[in-house]
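Note on naming: letters A, B, ... go to the chains in the order of the sequence lines (proteins, then strands), and numbering restarts at 1 for each one.
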Amino acid sequence: MKRTALILVSVLVLALMSACATTPTPVPATPVPATAAPPQVSATAAATKAASATTVPTVPAAPATKAPTAPQGTLKHAHAIAPSSFNPHQSQVLLMGTYYQMVYETLIAVGKDGKLAPQLATEWQITSKAITFKLRQGVVFHDGTPFNAQAVVTNLNDVKSGTPAPLKADLASVVSVEALDEMTVRLNLSDFDPALMISLSRFAGMMVSPTALKTADKIPVGTGPWAYNAQDSKTDTKYVFDFFLKYWEPSQAGVARVEIYPILDLAARVNGLQSGEVDSANIGVLATRQQLEAKGFKGVAEVGAGGFAVHIFDRQGTQVKALADKRVRQALAMSIDRVAYFKTLGIGVPSVQPFPAGYTGNAKDLMDLSYNPTRAKALMTEAGVSNLELNVPSGAAVLPTNQALGGFFAPLGVNLKISTIAPGTIAPECASGKWAVAWCPITEGHPKTFVENRLLKNGIYNPFKVENPRIEELYAKAKNLPDEQGADLWGQIIKIAVEEGNILFIGNECGNCTVVSPKVQGAESRYGVDVGYLVRGVTVVK
Amino acid sequence: MLKYGLTRLAATVPLLLAMSVLVFLVATIMPGGIAVVLLGDNASPETVTVLEAQLGLNDPLPVQYARWLGNALQGNLGDSWTLKEPVVGVIVRRMPVTLSLAVGGMLIGIILGLMLGIIAGLRPGSGVDRLITLIASIGVAMPAFWLAMLLAVYFAVQLRWFPAIGYTPLGEDPVKWLRSITLPCIALGLPTAALIVRQMRSSFITVLQSRYILAAHATGIPLWQVVSRYALRNALVPVVTVIGFRLAVVFSLSLAVEQVFNLPGIASITIRSVMMRDIPLLQGTVLLTALFVVVTNLLIDLSYGWLNPRVRLA
């Protein structure tokens with residue numbers, strides 16, 4: 001008996017001891033934040049307020065007025081995904097933007113007013129065949145490599161020719177990139193592409209240190225306010241970013257350190273936030289967000305870079321005859337109570353069109369497609385449709401939304417049958433041609449790509465190849481015009497698409513919704529900026 | 001005994017092989033695909049094709065499997081598609097967390113279960129016995145993940161006695177390590193204890209009614225000596241079986257518990273590999289889990305011989 005007990009206890013103790021071994025922390029070669037004092041940069045900023053197909057003078061922006069303050073404190077963020085690649089040129093995953101914004105900067109940024117603003121490029125000139133950027137002086141990558149025209153050439157070529165190059169289409173109009181001098185770079189274009197500037201403000205325009213491109217998958221090296229700290233990070237568990245002392249505009253960084261914890265489970269993120277172990281967390285469920293707000297936490301990122309919308313693919317009635325009637329599609333649009341949806345389920349702002357007021361693509365003088373059940377029923381009666389069955393694909397994440405849509409459509413005699421699909425497959429399903437109607441994601445930042453993908457005959461999300469000659473005609477006119485000249489045409493296209501019930505929009509939903517603790521100050525989101533909430537400028541009070 | 005052990009060990013090889021085929025097939029027929037995960041929802045078909053070719057997914061399934069098996073036999077489980085590092089390294093790094101939970105949970109379960117089981121078994125039908133049986137019944141019905149959530153909300157979020165998320169390695173800070181695994185271990189240990197209590201109680205009552213125990217009593221040996229010297233050892237045989245099964249179950253229950261407490265163990269990486277369609281990682285972790293269950297069962301079988309020599313002779 002004693003021997004048995006001894007053996008059992010020994011085995012358990014040995015197992016416990018082996019279990020208690022320290023988890024090894026990988027320490028790859030990494031750039032370390034520099035220790036030298038930050039240089040005072042007084043670059044002349046410029047913004048494109050006007051552009052023409054010929055030559056565009058740049059407009060200097062007002063110098064920064066915020067007094068530089070030393071970053072202090074640590075911001076701890078619980079994120080819904082672990083990084084799959086730190087190379088922004090190899091990903092289109094929206095939630096990765098949270099990681100990228102620490103380390104990387106783009107040539108141009110999107111300002112609070114939705115207009116393009118300088119970042120690594122201080123001024124630019126646009127012609128029909130080229131965009132010439134003047135680059136910011138005194139910027140260095142975290143590994144000490146100077147930021148210059150050659151770095152831009154290397155980066156943009158990487159976007160275009162890397163493998164598998166998921167962002168290649170964003171730079172489709174760029175024929176070549178050349179360094180004119182140390183701090184001037186020119187993008188030679190096949191045709192002017194109004195969406196190109198938006199693309200350069202997103203992942204495709206993020207600058208990776210040319211000397212670190214090969215390893216950027218695992219170790220990010222950019223010019224941003226925070227440098228990746230591989231020593232303190234633990235793969236898949238904790239990612240640490242420390243303020244980069246040579247950063248060109250120290251006042252932009254509010255905190256000295258940012259720690260991102262990938263936490264896949266929503267309940268664990270909520271617990272972490274409530275226990276004070278993290279200061280902010282991805283919370284994409286409205287009910288949870290409201291509970292947290294009731295406890296003093298603050299929800300940010302109400303308006304995201306895209307969202308979802310009901311796409312009516314079968315507008316010629318190939319699969320579902322009734323959908324060929326515009327009145328049926330309009331009735332469906334009017335049956336959606338958008339306000340109720342955002343009070344009970346969605347996080348965002350109700351809208352019948354994809355682009356908010358003030359942004360290119362916003363349609364003026366739209367017919368009233370807001371919630372009107374009486375008018376919707378009347379339209380169905382006019383169309384002679386009383387019973388309609390629509391089959392839609394749905395992953396678990398959007399199941400509540402599809403169920404809500406089913407509830408909105410039911411009074412019209414429309415039965416929404418929901419078919420379960422595997423997680424992460426909604427976009428390919430939307431493009432597959434199997435579904436007459438589907439609730440699909442929208443990620444385009446500019447109406448040009450939105451129209452190309454969803455409304456043109458050969459658009460990837462127009463699987464029934466429905467052609468609208470008026471849209472094709474307007475697109476042909478607008479596609480090479482700068483926004484200042486093309487905005488009205490894009491608005492007209494969106495107006496047609498919305499009024500004809502091609503896409504039933506519900507509102508601008510956030511794709512990277514965040515809740516912050518009361519200790520976090522200055523957290524804000526921005527439409528069209530796909531990084532979730534902006535960590536720059538955020539401070540954490542003790 | 002050695003021959004018996006080796007025979008049982010050899011029998012696990014075809015089992016593991018069958019398991020690897022099954023896991024491979026399940027993983028490859030999962031809809032969605034790694035390309036969408038890595039490239040995003042709006043990846044063009046052209047880009048998806050390039051990535052799939054890079055990952056060798058265009059080869060026929062038997063070729064893919066043979067390649068994986070060939071490497072696995074040499075100890076190379078491939079590279080994780082999402083973590084971009086060898087699967088073996090990921091498993092080795094995460095193993096201490098899962099073992100901490102499994103061993104800690106089992107320790108709590110065994111100590112508590114044996115103690116309460118003996119107390120209840122000594123006085124069957126008494127008030128103490130009924131109370132323990134009632135608590136054990138509730139414990140059996142209580143899912144570990146639910147218990148984990150309750151513990152997290154009350155002891156971590158409200159009282160802040162323990163961390164709600166994260167793990168600290170023992171070598172980094174022993175106190176923090178203990179605090180980080182206490183609630184998860186309790187969540188795993190209490191349902192285990194409930195099972196062991198019921199088994200121990202029942203087994204103990206049966207043994208105490210045996211003639212040799214009555215004879216020992218009759219000779220005037222004190223109760224504690226009868227219990228420790230004669231009754232306990234024989235009563236433990238069926239309990240060890242339960243403990244063995246439970247060890248495998250605790251390993252799988254840690255899937256949920258690791259998620260609730262965001263612990264970077266094997267279980268959470270397995271969930272991640274399923275969600276992200278990371279097939280090499282999934283194969284590696286499932287293979288390891290299968291190996292763990294097989295070896296545990298083998299050890300349990302062998303322990304019967306130590307506990308009861310009649311089993312060895314048979």
Side-chain angles (χ1 to χ4, degrees), chain A residues 1 3-4 7-8 11-12 15-16 18-24 26 78 82 84-85 90-94 96 163-166 168-169 217-218 234-238 261-265 267-272 274-278 421-428 431 441 443-444 453 460, chain B residues 30-32 36-44 47-48 50-51 54 82-85 90 92-94 96-97 99-100 102-104 106-107 110 149 152-153 156-157 160 163-167 169-172 177 228-229 232-233 236 259-262 264 268-269 271-272 275-277 306-307:
Chain A
M1 177 66 205
R3 196 182 62 165
T4 307
I7 290 167
L8 278 174
V11 167
L12 286 170
L16 187 61
S18 71
C20 298
T22 308
T23 306
S84 47
S85 170
Q90 294 297 327
S91 178
Q92 287 178 307
V93 180
L94 180 75
M96 279 305 297
T163 310
K168 195 176 171 182
D217 228 16
K218 294 185 76 170
K234 288 177 185 171
T235 305
D236 207 28
T237 305
K238 176 184 176 183
Y261 298 84
I263 302 178
L264 274 58
D265 186 69
R269 292 198 297 276
V270 171
N271 286 344
Q274 292 194 108
S275 65
E277 288 164 67
V278 293
I421 57 165
T425 58
I426 186 65
T443 55
E444 295 91 348
N453 288 342
I460 184 171
Chain B
M30 271 197 306
V36 173
V37 172
L38 292 181
L39 301 173
D41 278 343
N42 284 337
S44 68
T47 317
V48 168
V50 172
L51 182 64
Q54 263 186 350
T82 54
L83 294 172
K84 317 272 167 59
E85 60 177 301
V90 176
V92 167
R93 194 174 65 240
R94 288 178 165 254
V97 183
L99 281 180
S100 293
V103 174
M106 284 307 291
L107 270 180
I110 291 169
M149 288 167 83
V153 168
V157 174
R160 302 200 178 185
I165 50 171
Y167 172 81
L170 176 63
E172 204 174 293
W177 168 79
S228 61
R229 240 183 234 180
L232 191 59
R233 185 167 176 169
L236 271 178
Q259 285 290 98
V260 171
F261 291 99
N262 192 44
S268 56
I269 200 72
I271 291 177
R272 180 196 152 111
M275 289 173 74
M276 302 195 81
R277 316 293 196 280
W306 278 313
L307 288 168

J.: For a side-chain contact (heavy atoms from CB on, under 4.5 Å) with B:N262, tell me which candidate from A:I263, A:N271, A:L264 qualifies.
T.: A:I263
J.: Under 4.5 Å heavy-atom distance to chain B, tell me which part of A:K238 shows up: side chain, backbone, both or neither.
T.: neither
J.: I want to check something: taking the side chain as every heavy atom from C-beta on, are B:R93 and A:K234 in contact at a cut-off of under 4.5 Å?
T.: no
J.: At a 4.5 Å cut-off on heavy atoms, which part of B:I271 comes close to chain A: side chain, backbone, both, or neither?
T.: neither
J.: If I compare all heavy atoms of A:K218 with all of B:K84, which pair ends up nearest, and what's the gap?
T.: NZ-O, 3.3 Å
J.: Just to verify, what does A:S85 make a side chain to side chain donor-acceptor pair (under 3.5 Å) with, not counting sequence neighbours?
T.: A:D217
J.: Measure distances from A:V270 to the heavy atoms of chain B and classify the residue's part below 4.5 Å as side chain, backbone, both or neither.
T.: neither
J.: Can you name the closest pair of heavy atoms from A:S275 and B:A164 and give their distance?
T.: OG-CB, 3.6 Å
J.: Go through A:A82, A:A267, A:A169 and name the one with the most non-hydrogen pairs under 4.5 angstrom from chain B.
T.: A:A82
J.: Using non-hydrogen atoms only, which part of A:E277 is less than 4.5 Å away from chain B: side chain, backbone, both, or neither?
T.: side chain
J.: B:R272: what forms a side chain to side chain donor-acceptor pair (under 3.5 Å) with it, not counting sequence neighbours?
T.: A:D236, B:T82
J.: How far does CD1 of B:I269 sit from OG1 of A:T237, to the nearest 0.5 angstrom?
T.: 8.0 Å
